[in-house]
There are 2 protein chains.
Amino acid sequence: MSYTYEYPRPALTVDCVVFGLQQNAALKVLLIRRKLDPFKGDWALPGGFVQISESVDAAAARELKEETGVDNAYLEQLYTFGQPDRDPRERVVSVAYYALVNLSEHTLQAATDASDARWFELSVVPPMGFDHRQILECAIARLRAKIRYEPIGFELLPKMFTLSQLQQLYEQILERDLDKRNFRAKLLKMDLLIDTQQKETGVAHRAAKLYRFDMNKYQSLKRKGFSFDL
Amino acid sequence: MSYTYEYPRPALTVDCVVFGLQQNAALKVLLIRRKLDPFKGDWALPGGFVQISESVDAAAARELKEETGVDNAYLEQLYTFGQPDRDPRERVVSVAYYALVNLSEHTLQAATDASDARWFELSVVPPMGFDHRQILECAIARLRAKIRYEPIGFELLPKMFTLSQLQQLYEQILERDLDKRNFRAKLLKMDLLIDTQQKETGVAHRAAKLYRFDMNKYQSLKRKGFSFDL
DNA sequence: CCGACTTAGTGTTAAAATCACACTAATGCA
DNA sequence: TGCATTAGTGTGATTTTAACACTAAGTCGG
């Protein structure tokens, strides 16, 4: 079967920058090892071709699941990369997305299927083919900017989390230290964290309270013009 | 001539939301009247197909110039619209851009070439085909958000402008009144406006000082972590 | 030429947000 | 039982924001 058009068309792909966070670990990004040329054997962002009958968003979600096992993650369009020479074979335009997953709840199993997917700390990502390095940088910049005015950081944490975990998350992404008392005061003042009345377990020190993020309340405040601002 | 591929490919287009501002007028958007089906005769965003050997950015700039005569405008990628049914004929994915032009310096002549391009105030944009209304809303939201933390508003003004013009611009885009003294104090404190030592002419009242935006200084401050913030 | 009209330009103060800073409380473990 | 480790808490100085009203300069019309 083949398809013919009057004018040449670029191929259209999606690529996903998947950020993941594990308890007491640095922020990581998920890469897969390429099985095919070009850049066969190199690490690259998961992605693939947009099917003719699916939306571009759906293509990103599908590729993410197929290639890494990550399902139902927070997924948002990032930017479209359209330089004519970004793929050495032929003209390929790629719509990039970024995803946020918490590794405590998504199994790393599926993600490492066939052991050709791996998490890399941001400071040690290997060289990647195409313009994937640039896409990654773009995603980091977006995440860093966005986390300051939208409560997307919670997507990287388990449903219940301690204030220290939340603070560490912000410190990692923003790459600077935050004052513990100021951070806690500010977040609690927004009144969007629900005290679950539960405590951490299995830690060799005073157990911290566990909170949940009140997404419903946030959504309704947002409609009234409230701005989450760190 | 025709082009054949093993799998079907969506067509790839660009669409441009062109914002323009004229002296003492409301913010406007530039639309063209469609000459072809679908939606023949309706108003729509200027745009067209991405050529196989040009970057997507270049395609946006080219289409903007071809269809509206606008050249050298500030042009930035907005979002990629990829719903399968957004074009009734066939699968078309569109990368949307937005442009900022000041109508004092770009001639409206070229833009109204063949009288099938017109500026519309945002409050009276006519119905548009495809998902162009959604694209426009997306662009307005982006402009409104971005103008608060990047000095892109200056792109809509002539090279020299008065503080009142600048304030009116912000008031229009943000859709709220700003306090004159606070606005002036804040902007002058940033020390990014250069007093040109010239004054307005041809006004029936006290002439205001004309300023220029110091883009070089801004760029260098930005590299050092300075944040333009209104 | 002068009075009326229109927009430019200018400071102060109260309230709120931000920032820096250090100790006690709870828990597991040796 | 005491040591190690992280949780949890308040205050004061500084900066930023927000509200507010008059004088200055210039044009125009009579």
Side-chain angles (χ1 to χ4, degrees), chain A residues 21-26 147-149 151 157-158 160-172 174-212 221 225-230, chain B residues 21-25 147-149 157-158 160-172 174-212 221 225-230:
Chain A
L21 192 66
Q22 247 173 338
Q23 211 67 307
N24 303 320
I147 205 172
R148 303 189 54 141
Y149 62 92
L157 293 174
M160 290 192 285
F161 50 85
T162 69
L163 285 175
S164 296
Q165 286 171 344
L166 187 60
Q167 182 175 345
Q168 280 171 43
L169 164 65
Y170 273 88
E171 288 178 334
Q172 277 190 38
L174 298 177
E175 285 187 319
R176 65 190 174 94
D177 289 348
L178 302 173
D179 180 89
K180 180 159 69 156
R181 279 177 289 194
N182 294 339
F183 181 84
R184 296 164 93 92
K186 187 156 193 174
L187 273 154
L188 291 174
K189 184 159 170 232
M190 289 186 196
D191 205 25
L192 287 168
L193 297 184
I194 300 172
D195 183 344
T196 64
Q197 310 289 353
Q198 295 181 59
K199 293 198 168 181
E200 253 182 327
T201 54
V203 287
H205 53 78
R206 177 173 176 179
K209 282 185 174 182
L210 289 166
Y211 291 88
R212 281 190 299 115
L221 285 176
F226 168 85
S227 139
F228 184 94
D229 191 5
L230 209 95
Chain B
L21 193 66
Q22 244 172 339
Q23 211 68 306
N24 302 323
I147 205 172
R148 302 190 53 142
Y149 63 91
L157 292 176
M160 291 192 285
F161 50 85
T162 69
L163 286 176
S164 296
Q165 286 171 345
L166 188 60
Q167 182 176 347
Q168 279 171 44
L169 164 65
Y170 274 87
E171 288 178 333
Q172 278 189 37
L174 298 178
E175 285 186 320
R176 65 191 172 94
D177 288 348
L178 301 173
D179 180 90
K180 181 159 69 157
R181 280 178 287 193
N182 293 340
F183 181 83
R184 296 164 92 94
K186 188 156 191 173
L187 272 154
L188 291 173
K189 185 159 170 232
M190 288 186 196
D191 205 26
L192 287 169
L193 297 183
I194 300 172
D195 183 345
T196 64
Q197 309 290 352
Q198 295 180 58
K199 293 198 167 181
E200 253 182 328
T201 54
V203 287
H205 53 77
R206 178 172 175 181
K209 282 185 174 180
L210 288 166
Y211 292 87
R212 281 190 300 113
L221 284 176
F226 168 86
S227 139
F228 184 94
D229 192 3
L230 208 96

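Values reported hereafter were calculated over all heavy atoms of this structure, with side chains retained and with hydrogens, waters and symmetry mates removed. Residue numbering restarts at 1 for every chain, and letters A, B, ... go by the order of the sequence lines.
- The shortest heavy-atom contact between A:Thr196 and A:Leu210 is OG1-O, 2.7 Å.
- The shortest heavy-atom contact between B:Leu174 and B:Arg148 is CD2-CG, 3.9 Å.
- Closest-nucleotide positions on DNA chain C for A:Gly202 and B:Tyr211 were compared, and the one nearer the 5' end corresponds to B:Tyr211.
- Atom CZ of B:Arg212 sits about 14.5 Å away from atom CG of B:Leu157, to the nearest 0.5 Å.
- Between the NZ atom of A:Lys209 and the CD atom of A:Glu200 there is a distance of 13.0 Å, given to the nearest 0.5 Å.
- On a pure distance criterion of 3.5 Å, no polar donor-acceptor pair joins the side chain of B:Arg206 and the base of D:dA25.
- Per the geometry, CD belonging to A:Glu200 stands 13 Å off C1' belonging to D:dG8, to the nearest Å.
- The residue B:Ser164 sits close only to the backbone: its heavy atoms come under 4.0 Å of sugar-phosphate atoms, none of a base.
- Rounded to whole Å, atom C1' of D:dG8 lies 15 Å from atom CG of A:Leu166.
- The CG-C1' distance, from A:Leu210 to C:dA26, rounds to 15 Å in whole Å.
- Between the CZ atom of A:Phe161 and the C1' atom of D:dT6 there is a distance of 18 Å, given to the nearest Å.
- One finds the CE atom of A:Met190 at 8.0 Å from the OG atom of A:Ser227 (value rounded to the nearest 0.5 Å).
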For residues 162-169 of chain B, which side-chain N or O atoms pair as donor and acceptor with protein atoms under 3.5 Å away, sequence neighbours left out?
from: B:Thr162; atom 1: OG1; to: B:Ser164; atom 2: N; distance (Å): 3.4
from: B:Thr162; atom 1: OG1; to: B:Gln165; atom 2: N; distance (Å): 3.1
from: B:Gln165; atom 1: OE1; to: B:Thr162; atom 2: N; distance (Å): 3.0
from: B:Gln165; atom 1: NE2; to: B:Gln23; atom 2: OE1; distance (Å): 3.0
from: B:Gln167; atom 1: NE2; to: B:Glu171; atom 2: OE2; distance (Å): 3.1
from: B:Gln167; atom 1: NE2; to: B:Leu178; atom 2: O; distance (Å): 2.8

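- A heavy atom closer than 4.0 Å to some atom of DNA chain C occurs in A:Lys186, A:Lys189, these being the qualifying members of residues 186-195 of chain A.
- A:Leu21 has its side chain within reach of A:Gln172: a pair of non-hydrogen atoms, C-beta onward, lies under 4.5 Å apart.
- The side-chain heavy atoms of B:Tyr211 and B:Phe161, taken from C-beta on, include a pair separated by under 4.5 Å.
- In this structure, B:Phe228 CZ and B:Ile147 CD1 are separated by 8.0 Å, a value rounded to the nearest 0.5 Å.
- B:Asn24 places its CG atom 14 Å from the P atom of C:dT6, with the value rounded to the nearest Å.
- Each of A:Leu230 and B:Ala208 was assigned the nucleotide of DNA chain C with the nearest heavy atom; the assignment lying further toward the 5' end belongs to B:Ala208.
- In the set D:dG8, D:dC28, C:dG28, D:dG8 carries the atom at the smallest distance from any side-chain atom of A:Lys209.
- Taken residue by residue, residues 176-184 of chain B places heavy atoms nearer than 4.0 Å to DNA chain D at B:Asp179, B:Arg181, B:Asn182.
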